[in-house]
Amino acid sequence: MITRYLVAIPAAVAALAVNPLGAQESHVSDLYWRISERLTDAELQLIDLRRDIHRHPEVSGEESRTAAVVAKRLGALGFTVTTDVGGHGVIGMLRGGKPGPTVAFRADMDAVRSDAPDPVEFRSVVPGVRHICGHDVHTTVGIALAEGFAAVQEELAGSVMLVFQPAEERATGARAMLADGVFASEKPAAIFAVHTAPFPVGQLATAPGGMMAGRDAVRVAIRGTGDLDEAVEAVARVIRSAGTIPPAQAMQSHPPSVVLAQVFSAVRGSSGEERHVRGQITTASDTARARARQVILQGIERIDLPGVHIDPAYESKAIAGVTNDPELVSRANASIRAVLGDESVVAVRSIPPAFSEDFGSFQAEVPGVMYFLGVSNPATGTVGMPHSPDYVADEGAIVLGARAMSAILLDWLAGR
């Protein structure tokens, strides 16, 4: 018997899950209703799948088992499957019976290293590796969408692309998939994603514009016969001067325009006449990013030490973060509220700079939106805070997240 970590979803949301679309256009209502029914029928199987993935976590670059499970399920549901994209990435394409656009959903698959005890009965069997960021849930939501859309394939106007990404925790997977041609044969009109977060089950959260901070890389080479140690300190002061909060506040929530400036290392080169300084700028605001870049490059240019040559390199969005398309946010929020109720979507107004994402690499190619998917359960006291040692995700979020995303994808294909 399967035991679920399931919060009591608000009555309005529960009612809409049973009678989902109200006054929306009848044809789309019928497709959504059929998808919703299929998700209800498959819920226990989906929970089993999530628990299987949770028991067998794989770190970035090693997601072979998870990718094989995903590819097998997609193939059985009639998707055209492409594997080994940018590493262990998987693409599933379902073409509807009628012509129309293509819309995509992305799920990441990798786990993280953690020696903390796993507080669930289906604990990880891989020593030192756990799913404490919710990627097992993301992957299962992607498979849930495959189940739902396969049930309405013949009536579907357009195509659904499911992108299962490796190496998100290393922030290299999205770029690797793009470099390997994830959109080469067909570019979707829009892409969506979810990420588990400590909101209660029944809620999704998003924001137009910057929602998760991107990270810029600062690399400075210092050479010469002068006082290189003094130059290192001068460069570090300049980098830190671009910040608006101290590193100690990185886990706290701040406005998206906040700038976290960090200096990680000052490495001595192979000769005594060389140093290398590495720093990082974290922000969710393009305006703040441009300002920090200017402060750093102009500040370093003003350093004038005899016998010292300083060569800075600044890479914007070395990790892309998440920047949501405002028009898509408005449309997608309306789609979710139509099926789950007005209280199902909340606004993200602040960010913790310590958390980032590489979904923005896809968004740089295709307009897109990410939602935080609530997985906390106030009734049982579990809090789905990613990367916390006691992370627990309420499994009621799986089908709810799939219902929300299916409503978005259907409305997009229908041109609303």
Side-chain angles (χ1 to χ4, degrees), residues 12-13 15-42 74 77-80 91-107 141-163 183 185-194 204 206 208 324-345 359 362-363 365-371 373 399-416:
V13 175
L16 283 163
V18 175
N19 184 14
L21 282 178
Q24 281 201 10
E25 187 176 324
S26 60
H27 178 63
V28 176
S29 296
D30 178 63
L31 291 185
Y32 178 85
W33 175 238
R34 288 166 58 190
I35 288 174
S36 186
E37 284 188 318
R38 177 59 193 146
L39 293 174
T40 298
D41 292 343
L74 293 175
L77 290 166
F79 279 69
T80 300
I91 306 169
M93 179 70 75
L94 185 75
R95 301 198 180 278
K98 301 175 183 179
T102 297
V103 66
F105 175 82
R106 172 271 208 170
V141 169
I143 294 298
L145 289 174
E147 291 275 355
F149 278 96
V152 299
Q153 180 179 7
E154 293 305 314
E155 294 81 12
L156 195 63
S159 301
V160 173
M161 175 187 290
L162 301 178
V163 178
F183 299 145
S185 61
E186 186 156 359
K187 196 169 188 177
I191 187 167
F192 298 90
V194 296
L204 296 96
T206 194
N324 292 327
D325 183 277
E327 181 182 352
L328 288 188
V329 168
S330 179
R331 290 176 59 179
N333 285 353
S335 297
I336 296 174
R337 286 175 173 137
V339 299
L340 297 180
D342 289 341
E343 297 179 359
S344 60
V345 181
F359 180 63
F362 292 125
Q363 291 176 308
E365 301 293 325
V366 175
V369 178
M370 172 174 280
Y371 281 87
L373 176 64
V399 165
L400 188 140
R403 285 193 172 110
M405 292 301 108
S406 64
I408 291 173
L409 302 188
L410 279 174
D411 280 354
W412 180 262
L413 293 177
R416 280 190 291 278

Margin query: One pair to check against side-chain contact (heavy atoms from CB on, under 4.5 Å): Leu373 and Met405. What are the steps and the verdict?
Written below: CA-CA 11 Å; Leu373 176 64; Met405 292 301 108; over 6 Å; no
Within the side chain of [X], is there an N or O that forms a donor-acceptor pair under 3.5 Å with the backbone of [Y]?
| X | Y | result |
| --- | --- | --- |
| Ser36 | Tyr32 | no |
| Asp325 | Val369 | no |
| Arg34 | Ala151 | yes |
| Gln153 | Arg95 | yes |
| Glu154 | Gly97 | no |

Looking at [X] and [Y], what are the two nearest heavy atoms and their distance?
| X | Y | result |
| --- | --- | --- |
| Ala190 | Leu328 | CB-CD1, 3.9 Å |
| Gln363 | Met370 | NE2-N, 4.4 Å |
| Pro101 | Ala157 | CD-O, 4.2 Å |
| Ala144 | Ala402 | CB-CB, 3.6 Å |
| Gly401 | Val141 | C-CG1, 4.2 Å |

Quick one: which of [options] gives a side chain to side chain contact (heavy atoms under 4.5 Å, CB included) with [X]?
| X | options | result |
| --- | --- | --- |
| Arg403 | Ile336, Ile35, Thr40 | Thr40 |
| Phe149 | Leu77, Leu409, Leu31 | Leu409 |
| Leu413 | Leu156, Ile408, Thr102 | Leu156 |

Spacing of [atom1] belonging to [X] relative to [atom2] belonging to [Y], to within rounding of 0.5 Å:
| X | Y | atom1 | atom2 | answer |
| --- | --- | --- | --- | --- |
| Ser406 | Glu147 | OG | CD | 13.0 Å |
| Leu74 | Leu94 | CG | CG | 9.5 Å |
| Arg106 | Ile91 | CZ | CD1 | 13.5 Å |
| Leu400 | Ser344 | CG | OG | 8.0 Å |
| Phe79 | Met93 | CZ | CE | 9.5 Å |

With side chains defined as the heavy atoms from C-beta onward, is the minimum distance between [X] and [Y] less than 4.5 Å?
| X | Y | result |
| --- | --- | --- |
| Thr206 | Phe192 | no |
| Leu39 | Leu145 | no |
| Asp411 | Arg331 | no |

CD of Glu37: more than 12 outside heavy atoms within 6.0 angstrom?
-> yes
Query - Any donor-acceptor N or O pair under 3.5 Å, side chains Tyr371, Asn333 - result: yes
